[in-house]
2 protein chains.
Amino acid sequence: MSTNLKQLAAALNLSTSTVSRALHDSHEISTETKIRVRALAEQMGYQANPYASSLRKQKSKTIALVIPEIDNNFFTHAINGIEEIAQKKAYHVLIYLTHEDLQKELAVAKHLQSGRVDGILMSVTSQTSNVEHLDKLHQQGIPLVFFDRVAETIDTAKITTNDYESGYQATQHLIEAECTKIAYLQVSETLSISQKRLSGFRTALQDNGITPLDDYMITCGHSATENFEMIKKLMSSSNPPDGIFASVEKLAVTTYYVCDALGIKIPEEVKIISFSNLATAPLLAPSLSTITQPAFEIGKKAAEVLFDIIEQKNLEDAKAVTILNSVLTERNSTKKPVISDRL
Amino acid sequence: MSTNLKQLAAALNLSTSTVSRALHDSHEISTETKIRVRALAEQMGYQANPYASSLRKQKSKTIALVIPEIDNNFFTHAINGIEEIAQKKAYHVLIYLTHEDLQKELAVAKHLQSGRVDGILMSVTSQTSNVEHLDKLHQQGIPLVFFDRVAETIDTAKITTNDYESGYQATQHLIEAECTKIAYLQVSETLSISQKRLSGFRTALQDNGITPLDDYMITCGHSATENFEMIKKLMSSSNPPDGIFASVEKLAVTTYYVCDALGIKIPEEVKIISFSNLATAPLLAPSLSTITQPAFEIGKKAAEVLFDIIEQKNLEDAKAVTILNSVLTERNSTKKPVISDRL
DNA sequence: CTGTTAGCGCCTTCAG
DNA sequence: CTGAAGGCGCTAACAG
């Protein structure tokens, strides 16, 4: 058991209130006692019991981060940004993985009604369409910020990227590379970012007078092996696509595997563009054009906005939709990728 | 403000203790009241205040995960394992990133003396040599489990991989591929895993009658651009290596960038083997042989052992060193990589 | 089976 | 400038 206020106070011949105030640098405590108190506190390794403080102050100095998966460079980089801001604010970060499972998201949401955290950063599951559980949190007044995968109907802050435009650009990129039979790979039909990317894709096709083929719309699941089979079927059909738009990094990778297995040459026989935050992609797969979301910045921004809401500063933030721009990087054999310290 | 016990009790015409007991399914409460209580609790969305419970019970149902970086597939996969176990145990996970910075590790360690968590899972910084701060935590009786990057001198549970053997095998692999001038790339000299990997490397060279060259020992830092320059200098020297052992994935990637920049062909002019948990490595970089640590399993095991210590079960676990085996995957153009759902 | 009481450790009025 | 007292919400010992 670690030392508590009472013990410290006793050792100093002071009351707990004085000690507490001294440690909080209250102006109504003499410099002398402050020094005395702090010296002993330091020496005894005193750390205030966070649960007692939280109970008393009704503030936990903790935020929750709820994401669908962690084995994904977008989220990994976002966490870096979030953690940077949280650390600066001396907040703690509880991490919850929903594994793209709505049931888990429901459980987490329910739990978070307890007041365990002062705010929530969230990217929803690909299954999430009904958002009652999230609305309830919001109604309850818990600061809530969505990033990337947002619940559109909930009237709170959202940080996203320009998914429609990126989807359009990516498609345009393939068209300019002379693809005419372009397949679209996605993992969800309900996520708003999926819809926006897809919408950009569709409009770009339309603007170029290309009619989308139903057979070229592939909605994958979360099993790598099943996805492999779905894409394999696509690529080995009698009329295979000559361009692939992977709306998610992992599907681009799976496509690579499929092409490798079928002996299809990339980019000679099929060109690929993908949303991706894989830092190594440009070099390791020089034929992969990518759309990179500014994940680190999104994380930072999301955390900043959340803290604004928590601290009731910049109140307009509470309902703002912030859109950061993704970067399209075109790959070919002449352009060399550049190494950098941060994505 | 969410509903609390008192309100619930008032609404039910019961005492708080009865309600509390009912919710905890105490055997000394009639089935009837239990049902009544639960019904209303459910309806009112009652969630016990975790800070009050924690204060009262002196248990937080929370563990801390302290890692040096998250932008690293090993840790990413480990988190998946850890989270799986934590979820099963209904524990919460606080995540702390030290960014390879000893100062941050010190700050976190100090904070964790507060009793905020019931146990700690930790992988130390590459700078960590003095471990007083960690020893203090351990002395204080906080359950502590190290994984991968362990503090050897602290007498608590550790989960690692067979780093010496892997280092040996990796080197042997290069030698069998007819490399004679093998460089070793590392990020730290102090980490015990670094030392073990290096030791395996050295012994393998020795066993094959190869004298290690000082110029082939590169200790990199954390700046991608600086590392790039160091490796570039190595590769463009008058006597460049014909084999590279990257003890860390990111250095293998940097080496790829360097070779790309210098026009050095892999694997014709230089062969590379690397510790790596990059799922896509085998396909995207078919010339990269890898040593893959069972990160997911390590995470699971570490969490399991931590919970054993917390629950005082399998007491021998508290000091056990568990060693899981890494897998060496040899790459060449004839062997096809396999896709799988989990690393 | 249910209620009363006390206290976890801290912060914060209110008093001096 | 410092101390005493009360209570945040919950649980557990002690009554009945």
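Being a predicted model, the structure only gives us computed values, none of them experimental. Residue numbers begin at 1 in each chain, while the letters A, B, ... track the order of the sequences.
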How close or far is atom [atom2] of [N] from atom [atom1] of [X], stated in whole angstroms?
X: B/Q7; N: D/dG9; atom1: CD; atom2: C1'; value: 11 Å
X: A/L23; N: C/dC10; atom1: CG; atom2: P; value: 10 Å
X: B/R116; N: C/dG9; atom1: CZ; atom2: P; value: 16 Å
X: A/L55; N: D/dG9; atom1: CG; atom2: P; value: 7 Å
X: A/H24; N: C/dG9; atom1: NE2; atom2: P; value: 16 Å
X: B/L8; N: D/dG9; atom1: CG; atom2: P; value: 13 Å
X: B/L12; N: C/dC1; atom1: CG; atom2: P; value: 18 Å
X: B/R21; N: C/dT2; atom1: CZ; atom2: C1'; value: 7 Å

Side-chain N,O ([X]) to OP1/OP2 ([N]) below 4.0 Å:
X: B/Q58; N: C/dG9; answer: yes
X: B/Y46; N: D/dC10; answer: yes
X: A/S15; N: D/dG3; answer: yes
X: B/T33; N: C/dT2; answer: yes

5′-ward residue of the pair B/K57/B/T18 relative to DNA chain C: B/T18
5' precedence on DNA chain C between A/S53 and B/K34 (nearest-nucleotide basis): B/K34
Sugar-phosphate only, base, or nothing, as touched by A/L5 at under 4.0 Å among non-hydrogen atoms: sugar-phosphate
Sugar-phosphate only, base, or nothing, as touched by B/S54 at under 4.0 Å among non-hydrogen atoms: nothing
Pair [X]-[Y], side-chain donor/acceptor within less than 3.5 Å:
X: B/H138; Y: B/D155; value: no
X: B/E105; Y: B/T128; value: yes
X: A/S60; Y: A/D118; value: yes

Measure from the side chain of [X], starting at C-beta and using heavy atoms only, and say which of [options] lies closest.
X: B/L14; options: D/dT2, C/dT12, C/dT2; answer: C/dT2
X: B/E28; options: C/dC10, C/dT2, C/dT12; answer: C/dT2
X: B/S17; options: C/dG9, D/dA12, D/dA5; answer: D/dA12
X: B/I29; options: C/dT13, C/dT2, C/dG9; answer: C/dT2
X: A/N49; options: D/dG9, D/dC1, C/dG9; answer: C/dG9

A/R38 and A/D25 ion-paired at < 4.0 Å: yes
Side chain A/S30 and base D/dT2 donor-acceptor under 3.5 Å: no
Spacing of B/L191 atom CG and B/R149 atom CZ [to the nearest 0.5 Å]: 5.0 Å
Output field: ring centroids B/H99/B/H222 closer than 6.0 Å: no
Along DNA chain D (nearest heavy atom to each residue), the more 5'-positioned of A/H27 and B/K6: A/H27
